[in-house]
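Data block below; observations after.
Values reported hereafter were calculated over all heavy atoms of this structure, with side chains retained and with hydrogens, waters and symmetry mates removed.
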Amino acid sequence: MQYELIIFDWDGTLMDSVPRIVSCMQAAALEAEWGALSTAEVEDIIGLGLPEAIAKLCPGILPAQAERLRERYAHHFVQADTTPMAFFSGVEAHIARLRGHEQQRLAVATGKSRRGLDRIFTETGSGAWFHASRTADETRSKPHPQMLSELLAELAVPVERAVMVGDTEYDMEMARAMGMDRVGVSYGVHAPERLAMSEPKWIAHSVDELFDRL
């Protein structure tokens with residue numbers, strides 16, 4: 001194995017959930033009376049914790065309005081929005097192949113909340129795929145490296161035996177901050193040129209390429 005521990009981002013890396021995130025955030029911003037948000041604006045903050053994402057999307061927003069936006073976003077994502085959301089094609093089979101290696105460890109580091117990640121784990125039956133996970137509301141949001149350091153400590157894996165895989169500069173910078181190898185994927189939200197600025201080991205342009213090289 002090239003890496004004992006592979007840590008995956010979720011949205012835009014394993015799951016094709018970006019369109020739903022965008023539509024829910026756009027609806028929430030209107031209902032919170034902030035105004036219209038472009039697709040590009042919302043895609044830029046995917047990967048951050050929700051409070052950090054709202055602060056970046058809506059500079060100067062007052063706490064009550066931010067809470068209203070957060071509440072409406074959660075409502076749309078869980079209950080109201082029907083935008084399809086599924087794993088990228090091939091992810092499930094490739095993860096199963098990795099799980100076939102006895103010493104391979106897999107983890108998730110995501111900007112989702114714990115409630116949100118656990119909901120997806122339950123809905124998809126994917127929680128058993130991973131040996132550990134961290135969410136933005138139980139540690140520090142990306143690009144701070146705390147969630148990675150906690151995962152390494154929990155699984156007793158040295159940093160040089162681990163790799164972070166993600167589709168945003170927040171993933172790449174989180175890993176770079178603690179000297180962890182990182183691999184970008186170009187099929188998510190941030191452009192390859194943006195990912196390349198964080199000096200990843202490589203950038204994969206498809207799910208098959210990513211897992212074949214891992």
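A salt bridge links Asp212 to Arg97: at least one charged side-chain nitrogen sits closer than 4.0 Å to a carboxylate oxygen. Under a 4.0 Å N-O distance rule, the pair Glu4/Arg105 does not qualify as a salt bridge. The pair Arg182-Asp171 does not meet the salt-bridge criterion, since no charged nitrogen lies less than 4.0 angstrom from a carboxylate oxygen.
Glu173 and Ser198 share a side-chain donor-acceptor pair at under 3.5 Å. Under the 3.5 Å distance criterion, with hydrogens and angles disregarded, a donor-acceptor pair is assigned to the side chains of Asp137 and Thr135. Side chains of His131 and Arg99: a donor on one and an acceptor on the other come within 3.5 Å.
The shortest non-hydrogen separation linking Leu214 to Val165 is CD1-CG2, 4.3 Å. Shortest non-hydrogen contact noted between Ser17 and Gly12 is OG-N, 4.2 Å. Shown here for Ser126 and Trp10, the closest heavy-atom pair between the two residues is OG-CH2, 3.6 Å. Residue Arg140 comes nearest to Gln146 through the heavy atom pair CG-OE1, 2.8 Å, listed as atom of the first residue, atom of the second, then distance. The two atoms that bring Glu154 and Ala132 nearest to each other are OE2-CB, 3.6 Å, heavy atoms only. Phe77 and Ile21 get closest at one heavy-atom pair: CE1-CG1, 3.8 Å.
Looking at Gln104, its side chain does come within 3.5 Å of a backbone N or O of Tyr3 through a donor-acceptor pair. Side-chain N or O atoms of Glu209 include none that pairs as donor or acceptor with a backbone N or O of Ala204 at under 3.5 Å. Remark: side-chain polar atoms of Thr110 are paired, donor with acceptor, to backbone N or O of Lys112 under 3.5 angstrom. The backbone N or O of Val18 sits nowhere less than 3.5 Å from a side-chain atom of Asp11 that would complete a donor-acceptor pair. With hydrogens and angles disregarded, a donor-acceptor distance shorter than 3.5 Å links the side chain of Ser23 to the backbone of Arg20.
Partners of Glu67 according to the side-chain hydrogen bond (donor to acceptor under 3.5 Å, both in side chains) rule, which considers only residues two or more places apart in sequence or in another chain, are Arg70. The ring pair (Phe, Tyr, Trp, His ring centres under 6.0 Å) test applied to Trp129 returns Phe87, not counting sequence neighbours. Remark: Pro158 pairs with Glu160, Arg161 by the side chain to side chain contact (heavy atoms under 4.5 Å, CB included) rule, at least two apart or across chains. Take Ser38 and apply the side chain to side chain contact (heavy atoms under 4.5 Å, CB included) test, not counting sequence neighbours, and it matches Ala40, Glu41. By the side chain to side chain contact (heavy atoms under 4.5 Å, CB included) test, Asp16 is found to be paired with Pro19, Phe88, residues two or more places apart in sequence or in another chain being considered. For Leu30, the side chain to side chain contact (heavy atoms under 4.5 Å, CB included) partners two or more places apart in sequence, or in a different chain, are Ala36. Take Ser89 and apply the side-chain hydrogen bond (donor to acceptor under 3.5 Å, both in side chains) test, not counting sequence neighbours, and it matches no residue. Taking the salt bridge (Lys or Arg N to Asp or Glu O under 4.0 Å) definition, one finds that Arg68 meets it with Glu71, sequence neighbours left out.
Residue pairs meeting the ring-ring contact (aromatic ring centres under 6.0 Å, His included) criterion with at least one partner in residues 162-182, sequence neighbours excluded, are Tyr170-His190. Pairs passing the salt bridge (Lys or Arg N to Asp or Glu O under 4.0 Å) check and including a residue from residues 116-125, sequence neighbours excluded, read Arg114-Asp118.
Applying the side chain to side chain contact (heavy atoms under 4.5 Å, CB included) test between Val108 and each of Ile120, Thr13, Leu117 identifies Leu117 as the sole match.
As a member of the Ile/Leu/Val/Met/Phe/Trp/Tyr network built from side-chain separations under 4.5 Å, Met147 groups with Leu5, Ile7, Leu148, Leu151, Leu152, Leu155, Val157, Val159, Met164, Met174, Met178, Met180.
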Pairs under 3.5 angstrom only: tabulate donor-acceptor contacts from the side chains of residues 42-55 to other protein residues two or more places apart or in another chain.
residue : atom : partner : partner atom : Å
Asp44   : OD1  : Arg194  : NH1          : 2.7
Asp44   : OD1  : Arg194  : NH2          : 2.7
Asp44   : OD2  : Lys56   : NZ           : 3.4

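Between Tyr187 and His205, the closest side-chain pair of non-hydrogen atoms is not below 4.5 Å.
Applying the 6.0 Å contact sphere to CZ of Arg115 captures no more than 12 heavy atoms from other residues, nucleotides or ligands.
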